[in-house]
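Input: a single structure, listed below in structure tokens.
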Amino acid sequence: MDKIKMTTPIVEMDGDEMTRILWQLIKDELLCPFVELNTEYYDLGLEHRNETDDQVTKDAALATKKYKVAVKCATITPNAARVEEYNLKEMWKSPNGTIRAILDGTVFRAPIQVKGITPCVRNWEKPITIARHAYGDVYKAVEMKVPGAGKVELVYTAADGSQQSVTVHEFDGPGVVQGMHNINESIESFARSCFTYALDTRQSLWFATKDTISKKYDHTFKDIFQEIFDAEYKEKFDEYGIEYFYTLIDDAVARVMKSKGGFIWACKNYDGDVMSDMLSSAFGSLAMMTSVLVSPEGFFEYEAAHGTVQRHYYKHLKGEETSTNPVATIFAWTGALRKRGEMDQNPDLMVFANKLERATLQTIENGTMTKDLALITELKDVTVLNTQDFIKAIRTTLESL
């Protein structure tokens, strides 16, 4: 049988630890036997990032701008312990943060649902997608420990030298203070990415902040979303029969718990970080969570929502067997291949991506799975396989479809 051909490359970003092992297994067993894989390869493993002073991460992001579709393996964001372990020149920044900044993207995360694993919230019938703003707020905050009594102010100095100031707090004793920021341009990109993705997936969009308390900061988000929606997207939303609405973040949490799912929930940076983990856990497993970075210009970068599975990697290095779940990483590849096929008008590639996803889910539904899923499934008499054998089982299912 002839392999499926690709006309335009996908940007391939390799990663770290156990997910790097999964990456190669997936290519060897599930992709290369069926597709003439055409990728522009970048090694984002921590050692190579260190060798290139992290230039490789920037190059990969710029290549994504060129080719418009990328797939990324999980990577290490080093802390002090990693600096020592890998003998790093410095504590390099998060590759995801660097890529998001260059692409000006929004992260959309959605659970992968499979029969036999029921969400903790039993009325959730369809996936809930979290759209997380990927700039600013607490992640770009500056902080100070206040040593004693005194006044802390926020001061803005304009280009002409004029100033505005506001008192943060008059301290009677020691405390802490934090200053956060965001920029209108990034909020506008966030809004457009959310509206575009909602139209692309035909799902309604919620946006939630706390503008009743944060009457300038959060209210600016609310106002920008509404202005852009009314001016650029309302007509198309009406045509597709989907809706956009704003609600307070605490009201959104209450409504989400009683909903049936099947919508996109847009959140500011920290809220999105927290809520995506809550949703992944409630739907079953972080290893069953897709993640795609979407820019307003139409660049797409697919990855798994989880980390590098460090604990399993250390077991692997000792020659011990692991049962690491590769599903989210498989779906990163299928998402990128489907988008590439869509952009290149290559239906064979799109059909293959859909078939590989179906084979992956069918393997689990037939009772063959990794240990993490066996612990939460309602299926009886399941077969628990190690990482490599599970991927081979998916290939067997794929070849039978």
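- Side-chain contact check for Ser162 and Asp160: at least one donor-acceptor pair (N or O, by modelled atom type) lies under 3.5 Å.
- In terms of modelled atom types and a separation under 3.5 Å, the side chain of Lys3 and the main chain of Cys32 share a donor-acceptor contact.
- Ion pairing between a basic and an acidic side chain is recognised when a charged N comes within 4.0 Å of a carboxylate O; Lys58 and Asp54 show no such pairing.
- Ring geometry for Trp333 against Trp23 counts as tilted: the plane angle lies between 30° and 60°, on a 0 to 90° scale.
- Counting heavy atoms of neighbouring residues, nucleotides and ligands inside a 6.0 Å radius, atom CD of Glu90 exceeds 12 of them.
- With Thr377 contributing its side chain and Gly116 its backbone, the two residues share a donor-acceptor pair below 3.5 Å.
- Checking side-chain atoms of Thr360 against main-chain N and O of Leu356 turns up a donor-acceptor pair under 3.5 Å.
- Contact annotation: the side chain of Thr370 never approaches that of Thr387 to less than 4.5 Å [non-hydrogen atoms, C-beta and beyond].
- Checking side-chain atoms of Ser204 against main-chain N and O of Glu243 turns up a donor-acceptor pair under 3.5 Å.
- Between Met289 and His306 the shortest side-chain heavy-atom distance does not fall below 4.5 Å.
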| request: Start with the C-alpha gap between Arg192 and Asp104, add the side-chain angles, then the distance that decides, and say whether salt bridge (Lys or Arg N to Asp or Glu O under 4.0 Å) holds. | output: CA-CA 11 Å; Arg192 288 191 174 94; Asp104 192 21; over 6 Å; no
| request: Let me see the working for Tyr302 and Phe331 under ring-ring contact (aromatic ring centres under 6.0 Å, His included), right down to the final yes or no. | output: CA-CA 8 Å; Tyr302 295 82; Phe331 273 61; over 10 Å; no
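- Ion pairing between a basic and an acidic side chain is recognised when a charged N comes within 4.0 Å of a carboxylate O; Arg395 and Asp28 show no such pairing.
- No side-chain donor-acceptor contact under 3.5 Å links Gln226 and Tyr246.
- Taking the side chain as every heavy atom from C-beta outward, Thr7 and Asn346 never approach each other to under 4.5 Å.
- Residues Thr57 and Thr98 have side chains that never bring a donor and an acceptor to within less than 3.5 angstrom of each other.
- For the residue pair Asp14/Tyr41, the side-chain donor-acceptor check at 3.5 Å is satisfied.
- Two residues are said to be in side-chain contact when any heavy atoms from C-beta on lie closer than 4.5 Å; Ile10 and Phe300 fail this criterion.
- In terms of heavy-atom proximity, Val146 sits nearest to Gly173 at CG1-O, 4.5 Å.
- Using modelled atom types, one side-chain atom of Asp16 and one backbone atom of Leu46 make a donor-acceptor pair closer than 3.5 Å.
- Side chain to side chain, Asp211 and Thr209 fail the donor-acceptor criterion of an N or O pair below 3.5 Å.
- More than 12 heavy atoms of other residues, nucleotides or ligands lie within 6.0 Å of CE in Met278, so this atom counts as buried by the packing criterion.
- With hydrogens and angles left out, the side-chain atoms of Asp137 and Tyr217 include a donor and acceptor closer than 3.5 Å.
- In terms of heavy-atom proximity, Ala110 sits nearest to Thr129 at CB-OG1, 3.4 Å.
- You'll find the side chain of Pro95 reaches within 4.5 Å of the side chain of Lys72, heavy atoms only.
- Within a 6.0 Å sphere centred on CG of Asn79, heavy atoms belonging to other residues, nucleotides or ligands number more than 12.
- Taken to the nearest 0.5 Å, the NZ atom of Lys5 stands 13.5 Å off from the CG atom of Leu37.
- A 4.5 Å side-chain heavy-atom check between Ser295 and Lys65 finds every atom pair outside the cut-off.
- Without hydrogens or angle criteria, Asn50 side chain to Leu88 main chain gives no donor-acceptor distance under 3.5 Å.
- Atom CD of residue Glu342 and atom CG of residue Asp344 lie 10.0 Å apart, to the nearest 0.5 angstrom.
- Atom NZ of Lys355 sits in a sparse spot, with 12 or fewer heavy atoms from other residues, nucleotides or ligands closer than 6.0 Å.
- A donor-acceptor pair under 3.5 Å is absent between the side-chain atoms of Ser214 and the main chain of Lys210, judged by distance alone.
- In this structure, Asp53 and Trp92 approach most closely via the heavy-atom pair CA-CH2, 3.5 Å.
- Around atom NZ of Lys89, more than 12 heavy atoms belonging to other residues, nucleotides or ligands sit under 6.0 Å away.
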| Given Tyr244 and Phe237, is the ring-ring contact (aromatic ring centres under 6.0 Å, His included) satisfied, shown in steps? | CA-CA 8 Å; Tyr244 163 70; Phe237 267 61; 7.2 Å; no
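- Nearest heavy atom pair, residue Pro147 against residue Pro174, reads O-CG, 3.4 Å.
- Residue Gln345 qualifies as open at atom CD: its count of foreign heavy atoms under 6.0 Å is 12 or below.
- Counting only heavy atoms from C-beta outward, the side chains of Leu337 and Phe352 approach each other to under 4.5 Å.
- At a cut-off of 3.5 Å, with distance as the only test, no side-chain donor of Thr397 or Gln362 sits close to an acceptor on the other residue.
- Between the side chains of Asn184 and Glu188, no donor-acceptor pair of N or O atoms lies under 3.5 Å.
- No donor-acceptor pair closer than 3.5 Å links the side chain of Thr363 to the backbone N or O of Thr368.
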| message | The test is ring-ring contact (aromatic ring centres under 6.0 Å, His included); show your working for Tyr270 and His133 and say whether it passes. | response | CA-CA 8 Å; Tyr270 179 73; His133 189 207; over 10 Å; no
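- At distances below 3.5 Å, at least one donor-acceptor pair connects side-chain atoms of His48 with backbone N or O atoms of Asp43.
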| query | Can you list the steps and then say if Glu357 with Arg338 is a salt bridge (Lys or Arg N to Asp or Glu O under 4.0 Å)? | reply | CA-CA 11 Å; Glu357 289 184 358; Arg338 183 166 45 245; 2.9 Å; yes
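- Heavy-atom neighbours of Glu235 CD from other residues, nucleotides or ligands within 6.0 Å: at or below the threshold of 12.
- Looking only at distances, no side-chain donor or acceptor of Thr106 sits under 3.5 Å from a matching main-chain atom of Cys194.
- Arg82 places a side-chain heavy atom less than 4.5 Å from the side chain of Gln310.
- Scanning both residues, Ala332 and Ala304, for their nearest heavy atoms gives CB-N, 4.0 Å.
- Sparse packing is recorded around CD of Gln164, with 12 or fewer heavy atoms of other residues, nucleotides or ligands lying under 6.0 Å away.
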